[in-house]
Number of protein chains: 2
Amino acid sequence: MYKIGHIAKQLNVSTDTLRYYERQGLLQASVRSPAGYRLYDDSALEQMRFIVRAKAVGFSLRDIQELLTIKIDKHNHSCEEVKSLTLQKLTQTRQRIEELLKFERSLSVLAERCCGGEESADDCSILTALEDVDGSA
Amino acid sequence: MYKIGHIAKQLNVSTDTLRYYERQGLLQASVRSPAGYRLYDDSALEQMRFIVRAKAVGFSLRDIQELLTIKIDKHNHSCEEVKSLTLQKLTQTRQRIEELLKFERSLSVLAERCCGGEESADDCSILTALEDVDGSA
DNA sequence: CTTGACCTTGAACTCAACTCTAAGGTTTAT
DNA sequence: ATAAACCTTAGAGTTGAGTTCAAGGTCAAG
Ligand SMILES: [Zn+2]
Ligand SMILES: [Zn+2]
Ligand SMILES: [Zn+2]
Ligand SMILES: [Zn+2]
């Protein structure tokens with residue numbers, strides 16, 4: 001049985017994060033010590049690893065809750081549900097990437113055109129582009 | 001002179017957003033009507049357009065504040081400052097894109113391997129990957 | 001027997017960019 | 001004259017993922 005600080009170090013998260021996940025219903029301590037300390041067993045540690053890995057591939061805590069619900073009772077859930085969550089996250093991620101790529105292209109163009117010199121910004125092409133109706137943003 | 005609702009419609013933002021921008025120091029109404037209504041002139045409208053365009057290329061409201069400070073007194077600011085803000089934002093954007101691309105690749109791999117069928121999730125490869133230490137995440 | 005490292009709680013705070021609510025005043029059209 | 005469509009304010013709520021705080025209890029070592 002491990003105390004919260006031990007788990008935190010193992011998984012490189014803060015104890016606050018572990019308590020927060022508990023409040024969010026993601027990970028309960030297995031038992032409490034007589035003094036009220038949270039005590040985690042190996043299966044709790046494994047569950048926390050699952051959470052950390054799911055976060056590392058881009059799932060939100062809410063997604064992870066759903067994944068855990070399925071994982072805990074696999075037999076009454078289907079591959080389809082899991083894949084659907086994954087594809088949904090994939091779609092969201094791609095949309096966000098598209099949006100950021102637009103930003104990236106606009107910002108590159110703006111940066112390329114500006115001389116970046118020490119002289120006054122009176123004729124700065126970046127400001128001009130943002131002012132003009134014809135800013136090629 | 002335009003009332004807030006007029007500006008809001010023109011620029012496709014909410015009146016709340018305009019009031020919020022005012023609180024944030026981004027855009028003051030030119031004057032107030034006797035009844036206390038905000039009245040904007042064309043230069044205020046232009047400034048709001050600037051803000052909207054800057055947002056559209058990915059600048060945050062805080063960035064935009066800095067840009068406006070420069071824009072309002074171009075003569076005492078340099079191209080270098082403007083370009084620096086732009087490059088900084090570009091770097092941030094690229095970093096975020098990199099992060100999301102990692103998510104995207106991991107999620108694609110997970111999704112590809114899962115059959116997505118209606119049968120139970122007992123052997124779902126996605127769950128397995130997230131459980132196993134060897135999850136190729 | 002006390003110091004320091006650990007643990008507990010609830011509540012408030014953070015960031016960003018709004019959005020919403022309540023309770024009211026103004027303008028315009030019919 | 002009254003209803004619809006505006007506008008005002010201060011302040012609270014939202015989302016997501018935590019972090020920080022205050023005030024205190026516990027445990028091992030020296
Ligand atoms: Zn220049
Ligand atoms: Zn420039
Ligand atoms: Zn399957
Ligand atoms: Zn599957």
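In what follows, every chain begins at residue 1, and chains take the letters A, B, ... in the order their sequences are listed. Atoms considered below: every heavy atom in the structure, side chains included; atoms not considered: hydrogens, waters and symmetry mates.
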Worksheet entry | Pairs touching residues 24-39 of chain B that satisfy salt bridge (charged side-chain N to carboxylate O under 4.0 Å, His left out), sequence neighbours left out | B:E22-B:R32, B:E22-B:R38
Worksheet item: Which residue pairs satisfy the salt bridge (charged side-chain N to carboxylate O under 4.0 Å, His left out) criterion with at least one member in residues 4-21 of chain B, sequence neighbours excluded?
Response: B:D16-B:R19
Worksheet item: What are the bounds, 5' to 3', of the part of DNA chain C that sits under 4.0 Å from heavy atoms of chain A?
Response: C:dC6 to C:dT9
Response to the item:
By side-chain hydrogen bond (donor to acceptor under 3.5 Å, both in side chains), B:D41 pairs with (sequence neighbours left out) B:S30, B:S43
Discussion item. Tell me every residue that passes side-chain hydrogen bond (donor to acceptor under 3.5 Å, both in side chains) with B:S120, counting only those two or more places apart in sequence or in another chain.
Written reply: B:D122
Worksheet, complete the sentence: Residues passing the side chain to side chain contact (heavy atoms under 4.5 Å, CB included) test with B:S78, sequence neighbours excluded, are B:E80, B:E81
Worksheet item: Listed by chain and number, what are the side chain to side chain contact (heavy atoms under 4.5 Å, CB included) partners of B:L39, not counting sequence neighbours?
Response: B:M1, B:K3, B:V31, B:S33
Discussion item. If the condition is ring pair (Phe, Tyr, Trp, His ring centres under 6.0 Å), which residues does A:Y2 pass it with, not counting sequence neighbours?
Written reply: A:H6
Worksheet item: With the sugar-phosphate defined as primed atoms, P, OP1 and OP2, and the base as all remaining atoms, what B/S/- string results for nucleotides 7-20 of chain D, 5' to 3', for protein heavy atoms under 4.0 Å?
Response: SBB------SBBBB
